[in-house]
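So the structure is just underneath, and the comments pick up after that.
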Amino acid sequence: MVKQANPDHPVHTLIAERWSPYGFADRPVREADLCSLFEAARWAASSYNEQPWSYIVARKERGEEFSHLLSCLVEANQGWAKAAPVLMLSVVTFNFRRNNKPNRAAEHDLGLSAGNLSLEATARGLSVHQMAGILPERARELYRIPAGSEAVTGFAIGYAADPDAVPDPFAERDRAPRQRKPLSAFVFGGEWGKATDVVGG
């Protein structure tokens, strides 16, 4: 299933087709496809080429590993994410390796990496649902994440299910049209809150 965006200006097809389903089909993801997702993440831009991201991944066929990672999600997310064939955590490292000084762009760069991963997934017919609802300290304990690094988001990865096969309320969310703020609400010029004339302000 593809839930196409309706952009106001032309964008690449991968951007228009990328969306975050709650329902996932009972279909495994090939290891080769997962490797390509991580390769896309690897080539994201980052400050000083620091690449301050790490990923922890678990596939459903590895039952205990999958259960461990599922337990790092808040209960509300566990309810739907358990159907995905792949779960993942993103981890950010806050200081530069070269001088141990704070990297103000670390979380920004993690986001770029995750964005690359999501678009590569879309290109392969896969869907990625990212979530802020995780338990960072549970993740730290289970995976021995060191001080100076922290789990930031969770990911469910797989093939979007037909909403007719997804239980409510998740099916209702997957059927809902995609919506976004207009450009004038976040692209400013001259002063904060004033839309730039580039976007018709």
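- In the hydrophobic clustering of this structure, L70 groups with F24; members are Ile, Leu, Val, Met, Phe, Trp, Tyr whose side-chain heavy atoms approach within less than 4.5 Å, directly or through other members.
- Closest non-hydrogen pair, M131 versus A81, comes out as CE-CB, 4.3 Å.
- Here the straight-line distance linking atom OG of S67 with atom CD of Q78 works out to 9.5 Å at 0.5 Å rounding.
- Note: the hydrophobic cluster containing I56 does not contain W53 (ILVMFWY, side chain heavy atoms under 4.5 Å, direct or indirect links).
- Under 4.0 Å is where a charged nitrogen must lie from a carboxylate oxygen, and between R175 and E172 no such pair does.
- When atom types are taken as modelled, the side chain of K60 and the backbone of L87 share no donor-acceptor pair closer than 3.5 angstrom.
- Side chain of N103 to backbone of F96: no donor-acceptor contact under 3.5 angstrom is found.
- Looking at heavy atoms from C-beta onward, W43 lies out of side-chain contact with E120 at the 4.5 angstrom threshold.
- Rounding to the nearest 0.5 Å places OG of S90 at 6.5 Å from CD1 of I134.
- Residue N77 comes nearest to L73 through the heavy atom pair CB-CB, 4.2 Å, listed as atom of the first residue, atom of the second, then distance.
- Atom CG of residue L183 and atom NE2 of residue H9 lie 4.5 Å apart, to the nearest 0.5 angstrom.
- Between L135 and V74, the closest side-chain pair of non-hydrogen atoms falls below 4.5 Å.
- Annotation for A139 and C72: closest pair CA-SG, 3.7 Å, computed over non-hydrogen atoms.
- E137 contributes atom CD, which lies 9.0 Å from atom CD1 of I145 (distance to the nearest 0.5 angstrom).
- A 4.5 Å side-chain heavy-atom check between V29 and Y159 finds at least one atom pair inside the cut-off.
- Shown here is Y48, whose OH atom has no more than 12 heavy atoms of other residues, nucleotides or ligands within 6.0 Å.
- Of the residues F170, W80, W19, the one that meets the ring-ring contact (aromatic ring centres under 6.0 Å, His included) test with H129 is W80.
- Between E50 and R97 there is a salt bridge, since at least one side-chain N of the basic residue sits less than 4.0 Å from a carboxylate O of the acidic one.
- Between the side chains of Q51 and N49, a donor-acceptor pair is found at a separation under 3.5 Å.
- Formation of a donor-acceptor pair under 3.5 Å by the N95 side chain with backbone atoms of G148 is not found in this model.
- Under a cut-off of 6.0 angstrom, the local environment of CD in E61 is crowded, with over 12 non-hydrogen atoms contributed by other residues, nucleotides or ligands.
- L126 is listed as a side-chain neighbour of L37, based on a closest heavy-atom distance under 4.5 Å.
- Counting all heavy atoms, side chain and backbone alike, E150 lies closest to F94 at CB-CE1, 3.8 Å.
- Between S113 and S46, every side-chain heavy-atom pair lies at or beyond the 4.5 Å cut-off.
- Other residues, nucleotides and ligands place more than 12 heavy atoms under 6.0 Å from the CG atom of D168.
- Note on Y143: it clusters hydrophobically with V91, by side-chain heavy-atom contacts below 4.5 Å among ILVMFWY residues.
- Considering every non-hydrogen atom in both P85 and R27, the closest pair reads CG-O, 3.4 Å.
- Aromatic ring pairs are classed by plane angle as parallel below 30°, tilted from 30° to 60° and perpendicular above 60°; the pair Y55 and F155 is perpendicular.
- Atoms CG and OG, on D174 and S20 in that order, are 9.5 Å from each other to the nearest 0.5 Å.
- The two residues I15 and R178 have their closest heavy-atom pair at O-NH2, 4.1 Å.
- Proximity of L34 to R59: side-chain heavy atoms (C-beta onward) are separated by under 4.5 Å at one or more points.
- In R98, the CZ atom is crowded: over 12 heavy atoms of neighbouring residues, nucleotides or ligands sit closer than 6.0 Å.
- The distance from atom CG of L14 to atom CZ of R124, rounded to the nearest 0.5 Å, is 11.5 Å.
- By the criterion of side-chain heavy atoms lying less than 4.5 angstrom apart, applied directly or through intervening Ile, Leu, Val, Met, Phe, Trp or Tyr residues, V86 is grouped together with L117 in one hydrophobic cluster.
- Although no hydrogens or angles enter the test, the distance criterion places a donor-acceptor pair under 3.5 Å between the side chain of R140 and the main chain of S149.
- For the pair V187 and V198, the minimum side-chain heavy-atom distance is 4.5 Å or more.
- Under a hydrophobic-cluster definition in which Ile, Leu, Val, Met, Phe, Trp and Tyr are linked whenever side-chain heavy atoms come within less than 4.5 Å, directly or via other members, V152 and V57 are assigned to the same cluster.
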